[in-house]
Amino acid sequence: MGGRYQVYCEGSILEASLRGRLKQSTASRVLVGDAVTVQVHDDRSATIETVEPRRSVLKRRSPGKSTGTRPVAANVDQIVVVGAARRPDWDPHLIDRFTAVAEVNGLPSVVVINKCDLTDDCQQHLEPYRAAGYPVVSTSVPNHEGLDGLRDHLEGRISLFTGPTGVGKSSLLNALQPGLRLRTGDVSRKSSTGRHTTVAAEMHPFGERGFVVDTPGLRDIGLWGLDPAEVEAAFPEIRRHGAGCRFDNCRHGEEPECAVIAAVANGEIRESRLTSYRRLLEESQRAARPWA
Ligand code: GDP
Ligand code: ZN
């Protein structure tokens, strides 16, 4: 990377380069969302001096690879998973991949179903996620439906918008904040030594204190790989009920006295979620044992 960063601070953008010693360590590689300290020099050039401790790190695991992750974004507070009711059709298993990757990264998700002007089944599609404990929002851009509710979730937080292509992520963002352009971070200089600022590759200020990360490279997080050990933790309601299974290592398949299967039977866990769990588990095991 050429090492030019756009740093947001109080409403303006500063172009900054990395200070030499930061370049040398990959551990301190600056990520989108990082808060940094900037020094502004006499010739008005700026250098990033330090990277603040991160409150979250989103890590990418390549599909089919069981080992190795790469940090791709810092300080994201939540993942906004967007699907469409139609065009393209709502695909619960694809949505579950996005929420799963959010979970293994320790990040909360908001599940959004857009294009609700095209069908009546939006609430029905959202129901498994509501049951799992996720905040859910149904929206329609042309009908201005659900936009205020979604805006409330975004205020004051760093949100990553993600979901399949064509579901209306850009349309939603533009409707929520007219004038939002694919702009990167800004910076304001408090003093020539800089202050608590945020580095942003493709991150847009949103509302008063929020940011939206809408990076093409992060729109596909649902296709990232998962480690088998991570898969149970990736479904919060399965994790919760799974504590009651007879066997500690229950995979919620054929085992006797499985509390998860009991919870599906009595309607506390939706079948589509258990199906997604099993698919992801199988897939991650195959990736972990490519010879099997
Ligand atoms: P993205 O790939 O997720 O960013 O999707 P876009 O924002 O580019 O939208 C894809 C297409 O869906 C465009 O033709 C939009 O006009 C259309 N679209 C977006 N939101 C809605 C909606 O709520 N209802 C309908 N009917 N169409 C929408
Ligand atoms: Zn079980």
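For the numbers below, each heavy atom of this structure counts, side chains included, while hydrogens, waters and symmetry mates do not. Both counts, for ligands and for their atoms, begin at 1 and track the order of listing. Along the sequence shown, the residues carry numbers beginning at 1.
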Inset, instruction - Give the intermediate values and the outcome of salt bridge (charged side-chain N to carboxylate O under 4.0 Å, His left out) for residues E127 and R270. - result: CA-CA 9 Å; E127 210 279 324; R270 298 308 174 269; 2.6 Å; yes

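- Heavy atoms of other residues, nucleotides or ligands lying less than 6.0 angstrom from CG of D42 number 12 at most.
- The minimum distance between the Zn ion (ligand 2) and any N, O or S atom of H252 involves atom ND1.
- Not a single N/O/S atom of H241, whether from backbone or side chain, sits less than 2.8 Å from the Zn ion (ligand 2).
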Legend entry - Worked check of disulfide bond (SG atoms under 2.5 Å apart) between C116 and C122: CA-CA 6 Å; C116 290; C122 281; 2.1 Å; yes

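- Side chains of L107 and S56 form a contact here, defined as non-hydrogen atoms less than 4.5 Å apart.
- Ranking protein heavy atoms by distance to atom 17 (C) of ligand 1, first place goes to K115 NZ, 3.9 Å.
- Considering both main-chain and side-chain atoms, C116 never comes within under 3.5 Å of ligand 1 through any nitrogen or oxygen pair.
- Counting protein heavy atoms only, atom 2 (O) of ligand 1 is closest to G166 N, 2.8 Å.
- In this structure, the side chains of I158 and R55 come closer than 4.5 Å at one or more pairs of heavy atoms.
- Seen from the Zn ion (ligand 2), atom SG on C245 and atom SG on C258 lie at an angle near 110° (rounded to 10 degrees).
- Between the side chains of E49 and T47, at least one donor N or O lies within less than 3.5 Å of an accepting N or O.
- Residue-to-ligand polar distances place G168 within reach of ligand 1: an N/O pair is separated by less than 3.5 Å.
- Residue S276 is tested with H93, R97, E271 for a side chain to side chain donor-acceptor pair (under 3.5 Å); the sole match is H93.
- Between N114 and V167, every side-chain heavy-atom pair lies at or beyond the 4.5 Å cut-off.
- Under 4.0 Å from ligand 1, the heavy atoms of L118 that appear belong solely to its side chain.
- Atom 8 (O) of ligand 1 has its nearest heavy-atom neighbour, among A85, S170, S138, in S170.
- Every atom of ligand 1 with a heavy atom of P142 under 4.0 Å away is listed here by number and element: 22 (C), 23 (O), 24 (N).
- With hydrogens and angles ignored, the 3.5 Å screen pairs no side-chain donor or acceptor of D96 with any backbone N or O of Y277.
- Scanning the protein heavy atoms around atom 3 (O) of ligand 1, the nearest turns out to be K169 N, 2.8 Å.
- Two residues are said to be in side-chain contact when any heavy atoms from C-beta on lie closer than 4.5 Å; Y129 and I95 meet this criterion.
- Proximity annotation for atom 23 (O) of ligand 1: of V141, I113, T139, L147, V141 comes nearest, heavy atoms only.
- Annotation for ligand 1: atoms under 4.0 Å from non-hydrogen atoms of S140 are 23 (O).
- Only the side chain of D117 comes within 4.0 Å of ligand 1, counting heavy atoms alone; its backbone N, CA, C and O stay farther away.
- Counting heavy atoms from C-beta outward, L126 and S138 have side chains that approach closer than 4.5 Å.
- Those atoms of ligand 1 that come under 4.0 Å of a heavy atom in V167, given as number and element, are 3 (O), 5 (O).
- Remark: minimum distance from atom 13 (C) of ligand 1 to any protein heavy atom is reached at S171 OG, 4.5 Å.
- Looking at atom 20 (N) of ligand 1, its nearest protein heavy atom turns out to be N114 ND2, 3.1 Å.
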